[in-house]
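A short worksheet on the structure shown next.
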Amino acid sequence: MDSGINTSSRLNPQARCPLQRNFLPKNTSKENPERFIPNRSAMDFDYAHFQLTEGRNEKDEATKVRSSPSREAYRKQLAETMNLNRTRILAFRNKPQAPVQLLPREHSVYSLYQQPKSVKPRRYIPQNCERALDAPDIVDDFYLNLLDWGSANVLAIALGRTVYLWDASNGSVSELVTVDEDMGPVTSINWAQDGLNLAVGLDNSEVQLWDSVASRKVRTLKGGHQSRVGSLAWNNHILTTGGMDGKIINNDVRVRSHVVKTYRGHTLEVCGLKWSESGQHLASGGNDNLVNVWEHSTRRSLHRFEEHTSAVKALAWCPFQSGLLATGGGGEDRTIKFWNTRTGACLNSVDTGSQVCSLIWSKKERELLSSHGFTQNQLTLWKYPSMVKMAELNGHTSRVLYMSQSPDGCTVASAAGDETLRLWNVFGVPEDAKKAAPKAVPQPFSNVNRIR
């Protein structure tokens, strides 16, 4: 392969070397001899003729006849006045004038290349969590989804048979519901877009809808699934549920007969569901190692991805590039894959070295956050599309099964099998916090050291 490097200079003993003079061979050709090119506009031919003829005789006579000092002073002054002190007869071309600067130098094209580019300062990413809290009785199950942060800035977490709410605006903690023992434990939770209504999936195949403001149950969805409901996803008034039976069901919560559509594309438990930002496409991941992309308007699968070699729970639609889907595989797979859902092409696959439990895109930067299991149980921040590691956040001692992002896009909550909930300031500082003066804000869970 041609490397583009000339090796002859290394082999030639007469090659140029640094800090040595370079002697050029003398041009002996008669075709282009070196010659003097005068500039007639800079010549005074009358004075030149005088100097070549009579001027020299006068100088010789002057040396013979000794003149008085006054006469010599007069002669010098007369020569100065008559411009007779010039000694150059022939003149080279005058030095060209400096070009007129039409624009100030700081505005010229040249200055654009000379000025160093302003480099965006690298964002500081805290390596430690803001707060670590006890989360006893959280179910250590890879296929469940037990943490969600709603648009009203309320974080919901399911611990065993109980769902707790933390209001981030004032730091208060409340219990929303504790289900009966024969119904639980809670297997999935998901906020509606309004941030007021919470869907709660149960182990007995039912789904409950709760009004978080009034703390009352709105309705119960029954009959859709035959086993536990481990994944939920809202799309306006449509609540999509995924069960251990492999079925995906669209439920219209406005009508009595809520089951309006069923997708069949998985043979084992559906453990991940995510609607695209447009609401036109649904991504599903299952314990059968499959990823399906469904069209909202039809029941058919737009794409079926079979490249993962383990269960796929982690799904994330890119907020800045339409049609880009990131998926993460379980313990036997350990990869994050990127898909163009318009063409069905796999754009990239990155081996993370451990089980991928959850994925979250940054809302501000081209960054992706992943949570992992054995061996480090860490959160990893990646730069997209280079997939260079920007930071690794450690603190959990068990696999980080659940993650959710705050509405402002800056803070991420993570929950793990070690029964702890941790808050990470991984995606920067909110814009309103930058503009406003610093105020005393109550710390999350400042009045409690346990969620329950």
Side-chain angles (χ1 to χ4, degrees), residues 144-158 163 165 167 174-180 183-184 186-266 270-285 292-302 315 317 404-405 407:
L144 305 184
N145 295 272
L146 305 179
L147 183 69
D148 195 30
W149 205 327
S151 60
N153 207 17
V154 177
L155 179 68
I157 184 172
V163 177
L165 304 179
D167 190 341
S174 61
E175 177 183 323
L176 179 64
V177 58
T178 298
V179 300
D180 296 336
M183 301 173 63
V186 177
T187 54
S188 57
I189 56 176
N190 193 242
W191 285 103
Q193 280 92 336
D194 59 9
L196 304 177
N197 295 284
L198 183 70
V200 180
L202 302 176
D203 189 63
N204 70 341
S205 76
E206 296 180 359
V207 178
Q208 296 181 356
L209 303 182
W210 282 81
D211 183 343
S212 64
V213 178
S215 297
R216 67 180 182 89
K217 183 171 66 174
V218 177
R219 68 177 299 182
T220 300
L221 307 179
K222 300 179 180 180
H225 295 279
Q226 283 72 48
S227 55
R228 71 179 186 181
V229 180
S231 54
L232 302 167
W234 284 92
N235 187 6
N236 295 322
H237 57 273
I238 298 296
L239 174 63
T240 305
T241 60
M244 183 179 279
D245 54 12
K247 291 193 298 184
I248 302 172
I249 298 176
N250 281 354
N251 301 271
D252 191 336
V253 299
R254 304 171 300 176
V255 298
R256 176 181 290 273
S257 300
H258 52 85
V259 178
V260 295
K261 188 179 297 183
T262 301
Y263 304 101
R264 300 182 184 274
H266 293 278
V270 178
C271 49
L273 288 174
K274 280 292 188 300
W275 282 100
S276 63
E277 292 291 330
S278 64
Q280 299 302 313
H281 296 95
L282 172 69
S284 65
N292 285 303
V293 178
W294 309 87
E295 286 185 324
H296 181 40
S297 57
T298 65
R299 286 181 170 85
R300 71 183 183 90
S301 175
L302 182 63
L315 304 168
W317 290 95
S404 190
Q405 189 176 21

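What you see is a predicted model; the values in this text were computed from it and never measured. Just so it is clear, the values below take in all heavy atoms, side chains as well, and ignore hydrogens, waters and symmetry mates.
Of the inter-residue distances, the one linking Ser284 atom OG with Lys274 atom NZ reads 12.0 Å to the nearest 0.5 angstrom. Atom CD1 of Ile249 sits about 4.5 Å away from atom OG1 of Thr241, to the nearest 0.5 Å. Rounded to the nearest 0.5 angstrom, His281 NE2 and Ser297 OG are separated by 7.5 Å. Taking CD of Glu206 as the start and NZ of Lys222 as the end, the distance is 4.5 Å to the nearest 0.5 Å. For the atom pair CZ of Arg228 and OG of Ser188, the computed distance is 9.5 Å after rounding to the nearest 0.5 Å. Atom CG of residue Asp252 and atom OG of residue Ser257 lie 10.5 Å apart, to the nearest 0.5 angstrom.
Checked against side chain to side chain donor-acceptor pair (under 3.5 Å), Asn204 has no partners two or more places apart in sequence or in another chain. Legend: residues meeting ring pair (Phe, Tyr, Trp, His ring centres under 6.0 Å) with His237, ordered by chain and number and at least two apart, are absent. The side chain to side chain contact (heavy atoms under 4.5 Å, CB included) search around Thr298 returns Glu295, Arg300, not counting sequence neighbours. Checked against side chain to side chain donor-acceptor pair (under 3.5 Å), Thr240 has the following partners two or more places apart in sequence or in another chain: Asn250, Trp275. Partners of Trp210 according to the side chain to side chain donor-acceptor pair (under 3.5 Å) rule, which considers only residues two or more places apart in sequence or in another chain, are Gln208.
Side chain of Ser231 to main chain of Leu273: no donor-acceptor pair is present (N/O by atom type, distance under 3.5 Å, no hydrogens or angles). Under the 3.5 Å distance criterion, the side-chain polar atoms of Lys247 are matched with a main-chain donor or acceptor of Gly224. Within the 3.5 Å criterion, the main-chain N or O of Asp245 finds a donor-acceptor partner in the side chain of Ser227. The backbone N or O of Gly265 lies less than 3.5 Å from a partner atom in the side chain of Asn292, making a donor-acceptor pair.
Under the ring pair (Phe, Tyr, Trp, His ring centres under 6.0 Å) criterion, the residue pairs touching residues 239-263 are Tyr263-Trp294, with sequence neighbours excluded.
The two residues Trp317 and Ser276 come nearest to each other via the heavy atoms NE1-N, 3.5 Å. Looking at every heavy atom in both residues, Ser151 comes nearest to Gly195 through OG-N, 3.2 Å. A pairwise comparison of heavy atoms in Pro407 and Asn153 identifies CD-OD1, 3.5 Å as the closest pair. Residues Leu146 and Ile189 come closest through the heavy atom pair O-CD1, 3.4 Å. The minimum heavy-atom distance linking Leu209 with Ala199 is given by the pair CD2-CB, 3.9 Å. Across all non-hydrogen atoms, the minimal contact from Asn190 to Asp148 is ND2-OD2, 3.2 Å.
In this structure, Arg219 places its CZ atom where more than 12 heavy-atom neighbours from other residues, nucleotides or ligands lie under 6.0 Å away.
Counting only heavy atoms from C-beta outward, the side chains of Val177 and Lys217 never approach each other to under 4.5 Å. Within the 4.5 Å cutoff, the side chain of Asn251 has no heavy atoms near those of the Ile238 side chain. Contact annotation: the side chain of Leu221 never approaches that of Val259 to less than 4.5 Å [non-hydrogen atoms, C-beta and beyond]. Under the 4.5 Å side-chain criterion, counting only non-hydrogen atoms from C-beta, Leu202 is in contact with Val186. For the pair Ser212 and Leu165, the minimum side-chain heavy-atom distance is below 4.5 Å. Under the 4.5 Å side-chain criterion, counting only non-hydrogen atoms from C-beta, Ile248 is in contact with Leu282. Using a 4.5 Å cut-off on side-chain heavy atoms (C-beta onward), His225 and Val207 make no contact. The closest side-chain heavy-atom distance from Leu155 to Ile157 is not below 4.5 Å.
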